[in-house]
Amino acid sequence: MEIKIDQGSDTPTVRADITIVIDVIRAFTVAHYAFLQGAKRIFLAETVEQAILIKKANPTYLLAGEIDGLAIKGFDLENSPYRIQQTDLSGKTLVLKTTNGVRGALRSLSSDHIFVTGLTNARKTADFIRENMTNEKETLVQIMATHPSGDDDLACAEYIKNRIEDTNLVSEADVIERVKKSHVAEKFFDTSNDAFIVEDIFYCIKRLHSDFVMKVSKTGEIPMIVRVYV
Ligand SMILES: O=C(O)[C@H](CS(=O)(=O)O)OP(=O)(O)O
Ligand SMILES: [Mg+2]
């Protein structure tokens, strides 16, 4: 097995047996909380226009996401784990459009298996892959830390790599510190900036107990994140 870490959501991706797309702040943390709040599936939209067209055809769907971290006009939900956690999403279908996480997942579709995660489900995802999917010597695992320069995703990627390799050199506590200190987190700690709330960072660094991993299904016309129970 070979495990490679790449940084950025636009880097040309290699076709891997398994790609793990990381977005700690905040897209896949949001996805994890959304599933825990009852969401059924999360479509991945490349653009705001595509998301709006999907909703036109399916008025019960909820649009979620951000541009430059900010709420999108006409969308139902922000890219905020704190706010998602306060919303009942039972049985709902979400359509998510974000800068790095969603873009990275959409760039990875040539891989056989694509998982997405933030830190909240990192251990579960790594353990699932180590225990079930890395038997073959030739398995190529690509971990995509989607923020082009953020240490939040890179720290999580290194943690997952270590955990799959069973070396455990990177502790979860170290990752939490690196997420909090990453430049991506700065605006959330800035109390003069009303657009961002510090609670989001606290929600991004929790380990949540759940019985599923998040996988991208590419069988339909639009790729979507679904739960795989483990
Ligand atoms: O909303 C987010 O957290 C980011 C955008 S930014 O880095 O905060 O400006 O998008 P994501 O795709 O969730 O990383
Ligand atoms: Mg991010």
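Note that this is a predicted model, so its numbers are computed, not measured. Heads up: numbering here begins at 1 and tracks the sequence. Atoms considered below: every heavy atom in the structure, side chains included; atoms not considered: hydrogens, waters and symmetry mates. First listed ligand is number 1; within each ligand, the first listed atom is number 1.
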N or O pair under 3.5 Å between [X] and ligand 1:
| X | value |
| --- | --- |
| A27 | yes |
| G101 | yes |
| F196 | no |

- For the residue pair H147 and H183, does the interplanar ring angle fall in the parallel (under 30°), tilted (30 to 60°) or perpendicular (over 60°) class? perpendicular
What protein heavy atom lies closest to [atom]? Include the residue and the distance to one decimal.
| atom | result |
| --- | --- |
| atom 6 (S) of ligand 1 | K187 NZ, 3.5 Å |
| atom 11 (P) of ligand 1 | D23 OD2, 3.0 Å |
| atom 2 (C) of ligand 1 | N79 ND2, 3.3 Å |
| atom 10 (O) of ligand 1 | E66 OE2, 2.9 Å |
| atom 3 (O) of ligand 1 | R26 NE, 2.9 Å |

- With a cut-off of 4.0 Å, which atoms of ligand 1 are near a heavy atom of D68? 9 (O)
- Pi-cation contact, F202 with K206 (under 6.0 Å, within 45°): no
- Task: Please say whether the positively charged group of R227, taken as NZ for Lys or CZ for Arg, lies over the ring of F212, i.e. under 6.0 angstrom from the six-membered ring centre and within 45 degrees of the axis.
- Result: yes
- Query: Can I176 be reached from Y82 by stepping across I, L, V, M, F, W or Y side chains whose heavy atoms are under 4.5 Å apart?
  - Reply: no
- Message: Let me check something: do V116 and I160 share a hydrophobic cluster, defined by ILVMFWY side-chain heavy atoms less than 4.5 Å apart, either directly or through other members?
- Response: no
- Item | Which segment of V30 sits under 4.0 Å of ligand 1 when only heavy atoms are counted | neither
- Query: ligand 1 versus R103, non-hydrogen atoms closer than 4.0 Å: side chain, backbone, both, neither?
  - Reply: neither
- Angle subtended at the Mg ion (ligand 2) by OD1 of D23 and O of I25, nearest 10°: 90°
- Separation between NZ of K55 and CG of L63, rounded to the nearest 0.5 Å: 5.0 Å
- Query: Can you name the nearest heavy-atom pair linking D153 to I25, along with the distance?
  - Reply: OD1-N, 4.2 Å
- Query: How close do T98 and G65 get, heavy atom to heavy atom, and via which atoms?
  - Reply: CG2-CA, 4.3 Å
